[in-house]
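A short worksheet on the structure shown next.
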Amino acid sequence: MSQTRYADAMVASRAARGVGPVRIRAELAAVQIDDAAIERALAETETDWKALAEAVRAKRFGVEQPEDFPAKAKQMRFLQRRGFDMDMLNAAFDD
């Protein structure tokens, strides 16, 4: 399988499971996929990463926004481990 097809399939598969682009990029780099193929696959996906981050947060913690800072920090750490960057995190917590 070509690197391009593998990268496309991996991005689609991992995004469907609620994994963000930062983690997907790292996983593809770990199996020695070219940076160009990784960036192209991430750019060409139709995934709305901000909406995905919000959906993953809501699925794990419920639709209500956190009441206090420790709860918000816990949810942000969870999303960071899932591979979402700060722009996506901020979008997930907009009131």
Side-chain angles (χ1 to χ4, degrees):
M1 178 184 271
S2 74
Q3 288 192 3
T4 302
R5 286 181 46 215
Y6 181 81
D8 289 341
M10 181 77 149
V11 168
S13 170
R14 302 299 281 158
R17 294 182 62 203
V19 177
V22 175
R23 186 163 166 190
I24 294 170
R25 185 178 290 114
E27 290 175 358
L28 286 169
V31 292
Q32 299 176 344
I33 301 297
D34 291 334
D35 289 341
I38 295 170
E39 294 307 319
R40 189 205 51 76
L42 288 170
E44 290 182 1
T45 185
E46 295 182 9
T47 304
D48 180 353
W49 297 111
K50 292 178 180 179
L52 181 60
E54 191 170 346
V56 168
R57 189 204 66 76
K59 182 178 179 182
R60 176 76 166 88
F61 297 102
V63 294
E64 302 83 25
Q65 293 289 324
E67 296 284 325
D68 55 1
F69 182 76
K72 182 177 180 179
K74 178 180 179 180
Q75 293 181 22
M76 290 182 97
R77 286 190 306 273
F78 170 76
L79 289 174
Q80 282 179 317
R81 283 191 306 274
R82 292 295 289 260
F84 296 99
D85 65 23
M86 282 308 293
D87 289 338
M88 296 166 200
L89 294 178
N90 290 332
F93 288 97
D94 283 342
D95 294 275

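A 4.5 Å side-chain heavy-atom check between Lys59 and Val56 finds every atom pair outside the cut-off. At a threshold of 4.5 Å between non-hydrogen side-chain atoms, the residues Asn90 and Met76 count as touching. Counting only heavy atoms from C-beta outward, the side chains of Leu52 and Asp48 never approach each other to under 4.5 Å. Inter-residue side-chain proximity for Arg40 and Thr4 is flagged as met; some heavy-atom pair is nearer than 4.5 Å. Considering only heavy atoms from C-beta on, Pro66 stays 4.5 Å or farther from Lys74 through its side chain. No side-chain heavy atom of Val22 sits under 4.5 Å from any side-chain heavy atom of Trp49. Side-chain contact between Arg25 and Glu39 is present, with heavy atoms from C-beta onward closer than 4.5 Å. Between Gln65 and Arg57 there is a side-chain heavy-atom pair separated by less than 4.5 Å.
Clustering ILVMFWY residues whenever any of their side-chain heavy atoms sit less than 4.5 angstrom apart, transitively, puts Val31 in the very cluster that holds Val19. In this structure, Met86 is a member of the same hydrophobic cluster as Met88, with clusters built from ILVMFWY side-chain heavy atoms closer than 4.5 Å. The hydrophobic cluster containing Ile33 also contains Val11, counting ILVMFWY residues as joined when their side-chain heavy atoms lie under 4.5 angstrom apart, directly or transitively. Each of Phe69 and Leu79 belongs to its own hydrophobic cluster when Ile, Leu, Val, Met, Phe, Trp and Tyr are linked at side-chain heavy-atom distances under 4.5 angstrom.
Here Asp85 contributes atom CG and Lys50 contributes atom NZ; the two are 8.0 Å apart, rounded to the nearest 0.5 Å. One finds the CD1 atom of Ile38 at 11.5 Å from the CG atom of Asp8 (value rounded to the nearest 0.5 Å). To the nearest 0.5 angstrom, Met10 atom CE is 13.5 Å from Thr45 atom OG1. Rounding to the nearest 0.5 Å places CD1 of Ile24 at 8.5 Å from OG of Ser13. One distance of note links CD of Gln3 with CG of Asp34; it measures 4.0 Å at 0.5 Å rounding.
Between Glu27 and Arg23, at least one side-chain N (NZ, or NE/NH1/NH2) sits under 4.0 Å from a carboxylate O, which counts as a salt bridge.
Between Ala37 and Ala7, the shortest heavy-atom contact is O-CB, 3.9 Å.
Within 6.0 Å of CG on Asp35 lie no more than 12 heavy atoms contributed by other residues, nucleotides or ligands.
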